Amino acid sequence: MITIERARRELAAMKDDPRPPVRRVLVVPGYRSHASMGRVLGDHLRAVVTEPSLVIDQAHQSCGSFECAGERVVSAIDNAWGTRDHPIDYVGVSMGGLLGRWLAMPEHGALPIARLLTVSTPHLGANVARIAAPDPAARVMVPGSEGLATLDRALEHAPYELRCYARSRDWWVGSDRLAPEGITPISVTPRWWELGHFMASYDVRLIADIARLIRGEDPLLTP
């Protein structure tokens with residue numbers, strides 16, 4: 001496991017020596033997240049590549065359903081790149097990861113995701129959704145929901161590589177819920193004062209690992 005200090009050095013070195021991205025990159029934050037949550041991560045990734053226009057981020061803060069959120073995401077792709085034909089690296093934070101799995105399904109447009117990188121995503125549902133699930137998107141995240149079961153059935157035939165990042169002490173989702181059954185997440189421990197879930201997209205260790213991957217370099221972290 002790398003230290004935060006080493007991750008900072010690695011990220012700084014990548015920013016000093018940007019490389020072409022392997023694929024176009026899409027960053028999607030979580031449920032009801034402000035656009036800044038995805039933009040901060042997107043800005044880090046844009047800074048390490050030679051073609052920053054190939055890295056976009058899109059939030060869906062006002063959406064209460066996967067249908068609405070999905071429309072926002074594909075519209076952002078159309079507006080930025082003019083086509084959905086190119087394979088992409090999809091970086092999904094929290095519910096954004098589930099949305100990527102949903103968008104890759106043929107019945108939802110078969111977004112050509114080559115690699116799906118999820119950060120603190122409730123693949124097995126979220127603890128908080130047991131307490132409050134006010135809209136269809138939140139109800140998908142109730143552990144044991146039919147929405148999650150549908151995503152899991154589709155995962156058996158998914159064309160993308162799935163890499164799941166987790167942080168311990170994630171009481172919001174549950175640190176044991178951050179990867180589908182049978183997949184070992186790549187987990188880091190937050191500093192004692194940090195919120196396990198809400199600060200995940202700011203964790204420099206995860207950012208540096210994702211940055212290396214989108215540049216075609218070996219990852220820093222292992223499951």
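Values in this document were obtained by computation on a predicted structure and should not be read as measured data. As a basis for the values below, the full set of heavy atoms in this structure was taken, side chains included, without hydrogen atoms, waters or symmetry mates.
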Least distance between heavy atoms, [X] atom then [Y] atom:
X      : Y      : result
Ala7   : Ala208 : O-CB, 3.9 Å
Ala200 : Ser120 : CB-OG, 3.1 Å
Ala47  : Pro18  : O-CB, 4.3 Å
Leu41  : Val27  : CD2-CG1, 3.9 Å
Leu99  : Gly70  : CD1-N, 4.0 Å
Ala133 : Ala129 : CB-O, 3.7 Å

What is the distance from atom [atom1] of [X] to atom [atom2] of [Y], rounded to the nearest 0.5 Å?
X      : Y      : atom1 : atom2 : answer
Leu151 : Met105 : CG    : CE    : 6.0 Å
Leu148 : Arg139 : CG    : CZ    : 13.5 Å
Ile113 : Glu161 : CD1   : CD    : 12.5 Å
Tyr31  : His60  : OH    : NE2   : 10.5 Å

Handout entry: CA sep, side-chain torsions, deciding dist, call: Val25, Leu54, side-chain contact (heavy atoms from CB on, under 4.5 Å)
Key = CA-CA 6 Å; Val25 181; Leu54 297 185; over 6 Å; no
Please check if the side chain of [X] supplies one atom and the backbone of [Y] the other of a donor-acceptor pair under 3.5 Å.
X      : Y      : value
Ser145 : Met141 : no
Arg177 : Leu124 : yes
Trp81  : Ser53  : yes
Arg205 : Thr189 : yes
Thr118 : Val93  : no
Arg215 : Met14  : yes
Thr121 : Ser94  : yes

Exercise for the section: Apply side-chain contact (heavy atoms from CB on, under 4.5 Å) to the pair Val73 and Leu103, showing each step before the final yes or no. Expected result: CA-CA 9 Å; Val73 168; Leu103 285 168; 3.9 Å; yes
Exercise for the section: Taking only Lys NZ, Arg NE, NH1 and NH2, and the carboxylate oxygens of Asp or Glu, determine whether Glu10 and Arg6 approach each other closer than 4.0 Å. Expected result: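 Salt bridge: yes.
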Handout entry: Side-chain ion pair, Arg167 and Asp170, N-O less than 4.0 Å
Key =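 So Arg167 does not pair with Asp170 through a salt bridge.
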Would [X] end up clustered with [Y] when hydrophobic side chains under 4.5 Å apart are linked, directly or stepwise?
X      : Y      : answer
Leu98  : Leu155 : yes
Leu116 : Val55  : no
Leu117 : Ile183 : no
Ile4   : Val119 : yes
Ile186 : Tyr90  : no

Problem - Contacts of Asp176 that satisfy side chain to side chain donor-acceptor pair (under 3.5 Å) - sequence neighbours left out - result: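 Applying side chain to side chain donor-acceptor pair (under 3.5 Å) to Asp176 gives none.
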Practice task
Verify side-chain hydrogen bond (donor to acceptor under 3.5 Å, both in side chains) between Asp209 and Tyr165, making sure each step is shown before the conclusion.
Solution key: CA-CA 10 Å; Asp209 195 74; Tyr165 295 96; 2.4 Å; yes
Given side chains that start at C-beta, do those of [X] and [Y] come closer than 4.5 Å, heavy atoms only?
X      : Y      : answer
Pro136 : Glu67  : no
Asp135 : Arg32  : yes
Val91  : Leu26  : no
Glu181 : His123 : no
Leu213 : Arg163 : yes
Arg130 : Pro143 : yes
Ile88  : Leu111 : yes
Pro21  : Glu51  : yes

Practice task
List the steps and the verdict of side-chain hydrogen bond (donor to acceptor under 3.5 Å, both in side chains) for Arg39 and His34.
Solution key: CA-CA 9 Å; Arg39 191 158 301 132; His34 189 269; over 6 Å; no
Practice task
Go through the steps for Met199 and Arg191 under the test side-chain contact (heavy atoms from CB on, under 4.5 Å), then give the verdict.
Solution key: CA-CA 10 Å; Met199 298 298 292; Arg191 291 170 291 190; over 6 Å; no
Exercise for the section: Tell me yes or no: between the side chains of His197 and Arg169, is some donor less than 3.5 Å from an acceptor? Expected result: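 Looking only at side-chain atoms, Arg169 and His197 do not form any donor-acceptor pair under 3.5 Å.
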Handout entry: Side chains of Glu71 and Ser75, donor plus acceptor under 3.5 Å
Key =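 No pair is found: no donor N or O on one side chain lies under 3.5 Å from an acceptor on the other.
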Exercise for the section: Carefully, step by step, assess Met37 and Tyr202 under the rule side-chain contact (heavy atoms from CB on, under 4.5 Å). Expected result: CA-CA 9 Å; Met37 298 292 285; Tyr202 298 94; 3.4 Å; yes
Handout entry: For Cys63, disulfide bond (SG atoms under 2.5 Å apart) partners two or more places apart
Key =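 Residues passing disulfide bond (SG atoms under 2.5 Å apart) with Cys63: Cys68.
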Exercise for the section: Could you check Arg115, Arg24, Arg212 and say which one makes a salt bridge (charged side-chain N to carboxylate O under 4.0 Å, His left out) with Asp89? Expected result: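 The residue from Arg115, Arg24, Arg212 that satisfies salt bridge (charged side-chain N to carboxylate O under 4.0 Å, His left out) with Asp89 turns out to be Arg115.
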Practice task
Count the heavy atoms of every other residue, nucleotide or ligand shown that sit under 6.0 Å from CD of Glu146, and state whether that count exceeds 12.
Solution key: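 Enclosed.
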Practice task
Indicate the ring-plane relationship of His108 and Trp102, choosing parallel, tilted or perpendicular according to the 30° and 60° boundaries.
Solution key: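 Correct class here is parallel.
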Problem - Given Ile2, Leu11, Ile210, the one that forms side-chain contact (heavy atoms from CB on, under 4.5 Å) with Leu220 - result: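 Of Ile2, Leu11, Ile210, side-chain contact (heavy atoms from CB on, under 4.5 Å) with Leu220 is met by Ile2 alone.
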